[in-house]
2 protein chains.
Amino acid sequence: MPIVNHPASIQTFIQAIYPLSENALQIMIAQWELVELTKGTILFYEGKTASDIYLIAQGIARAFCYKEDKELTFWFGKEGDFVLSYNSYIYDKPGYESIELLEDSVLYTIGHEELHALYQQNSEIANWGRKLAEQELVRTEERFISQLLQTATDKYNALLEHSPELLQRVPLGHIASFLGVTQVTLSRIRKKITPTPPSSEGVS
Amino acid sequence: MPIVNHPASIQTFIQAIYPLSENALQIMIAQWELVELTKGTILFYEGKTASDIYLIAQGIARAFCYKEDKELTFWFGKEGDFVLSYNSYIYDKPGYESIELLEDSVLYTIGHEELHALYQQNSEIANWGRKLAEQELVRTEERFISQLLQTATDKYNALLEHSPELLQRVPLGHIASFLGVTQVTLSRIRKKITPTPPSSEGVS
DNA sequence: AAGGCTTTTTAACATTTGTAAAATTATTTC
DNA sequence: GAAATAATTTTACAAATGTTAAAAAGCCTT
């Protein structure tokens, strides 16, 4: 049984970054390949140099690195997100993070060389690549700022509001490290927010 | 008296991002304008929408935002760095930060519209813009990761090693907030690192 | 070089978060 | 549906950092 019946088409995801003409779009999508990968698959290994880029059509992924021997999750990607190790890709050097699928997933993929060739050959696609990097930059900067400005409680509430489904799909240990606290602290936060889980009796 | 006698030329700074052909380079630099601005000048105001981009030829700047009523410095720029509020520029919305010159400075500047027009008209410049965003992304991501992985002591030592001049040019209050701690904590860190400032007597 | 301003350090205390281990709750597997 | 496994919460204590205020050191300016 396929993981999804009707994943959003790759066109939709690509056009969401920066609109391309029909011609540029066709050149672009011809280079992407559909793959289905299972939960637990590592898309990118720490210490390796990036070679492939992914686009998530269905599924969820996380990027993490190690502090001492604890895993630190610092990024989640879901449908419509592009997956690559920018630090490895830009400087063509070993990356410091691993990227793992947290669900059975459907992805589109393209090699770095192929994408780079498209950037050189088509100026619309070059501008598409600029927009992708710019959007990713702003997302990263906003996370960085929120790390500075917001308490873990603030950030947990923001998650509750903007990505409630993430809390359903991802173990709390990963969420805690994403918020920059231990799981114990996250538990304390959750307890404060839901003061006493109301007993089911007496609730109409 | 000019602030500098021989600032590095704009060509050098632009080519450092991504090499342009002589033709593209000329198109590019024709649009940039030289300005001298004094210490304390605000290049970008929180709440405003970005309109100009700067390149620092000589000087130093910081980006900061407010947490309650304390200033939080989260970025420093020096010679060769480009200055813009990406979050405001990308989505054409009010930015959350202000950017201030910490020294009398020499800068090159261009309007967003002009640069955007160059991206559309010249594919080399579009790829230049992609590279700029990608490099900025990696810098931001690396700072974000170091915030997660490193203690304030680690980060201070890294500053000492990689940007010792920054510590000379910038007040410690700004450095402390850049490292994500209070100035009191930074003082404690410095005390540990330089256990007892050796008295000048007896030192040959 | 004396006074006034700013920057940096120190002190004492309160608060928060981390650590490690146990207890509880959910989920899976047979 | 009982046992086994994994995930989450709780507890008690230790360690690190923040807060507020005062002291010390640096620096301009006259």
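Using a 3.5 Å distance cut-off with no hydrogens or angles, the side chains of B/Ser85 and B/Glu97 do pair a donor with an acceptor. B/Lys67 and A/Gln150 share no side-chain donor-acceptor pair at under 3.5 Å. A donor-acceptor contact closer than 3.5 angstrom links the side chains of A/Asn87 and B/Glu141.
The side chain of A/Arg190 places an N or O atom within less than 4.0 Å of a non-bridging phosphate oxygen (OP1 or OP2) of D/dT9. Under 4.0 angstrom from either OP1 or OP2 of D/dT17 there lies no side-chain N or O belonging to B/Thr185. OP1 or OP2 of C/dT19 has at least one side-chain nitrogen or oxygen of A/Lys70 nearer than 4.0 Å. The phosphate of D/dT17 has neither OP1 nor OP2 within less than 4.0 Å of any side-chain N or O from B/Thr182.
Taking atom CD of B/Gln183 as the reference point, atom P of D/dA25 lies 16 Å away to the nearest angstrom. The CG atom of B/Leu186 sits 15 Å away from the P atom of D/dT19 (whole-angstrom rounding). Rounded to an integer number of Å, the gap from B/Gln150 CD to D/dA16 C1' is 18 Å. Between B/Glu71 atom CD and C/dT7 atom C1' the separation is 15 Å, expressed in whole Å. Rounded to whole Å, the distance from NZ on B/Lys67 to C1' on D/dT17 is 12 Å. Atom pair A/Lys192:NZ and C/dT15:C1' shows a separation of 11 Å (rounding to whole Å applied). For the pair A/Leu102 CG and D/dA6 P, the computed distance is 17 Å after rounding to whole Å. When the P atom of C/dT8 is taken as reference, atom CD1 of B/Ile189 falls 15 Å away, rounded to whole Å.
Contacts between residues 168-181 of chain A and DNA chain D, defined by a heavy-atom separation under 4.0 Å, are made by A/Pro171, A/Leu172, A/Gly173.
A perpendicular orientation is assigned to the rings of B/Phe82 and B/Trp128, their planes being inclined by more than 60° (bins at 30° and 60°). Relative ring orientation between B/Phe144 and A/Phe74 is described as perpendicular, the plane-to-plane angle rising above 60° on a 0-90° scale split at 30° and 60°.
When each of D/dT9, D/dA12, D/dT17 is scored by its nearest atom to the side-chain atoms of A/Arg188, the top-ranked nucleotide is D/dA12. Across C/dT19, D/dT19, C/dT8, the shortest atom-to-atom separation from the side chain of B/Val184 is found for D/dT19. Here the nucleotide nearest the side chain of B/Ser187, chosen from C/dT9, D/dT8, C/dA11, is C/dT9.
When each of B/Lys70, B/Glu71, B/Glu46 is tested with B/Phe64 by the rule side-chain contact (heavy atoms from CB on, under 4.5 Å), just one qualifies, namely B/Glu71.
Taking each heavy atom of B/Ser88 and B/Lys93 in turn, the nearest pair found is OG-O, 2.7 Å.
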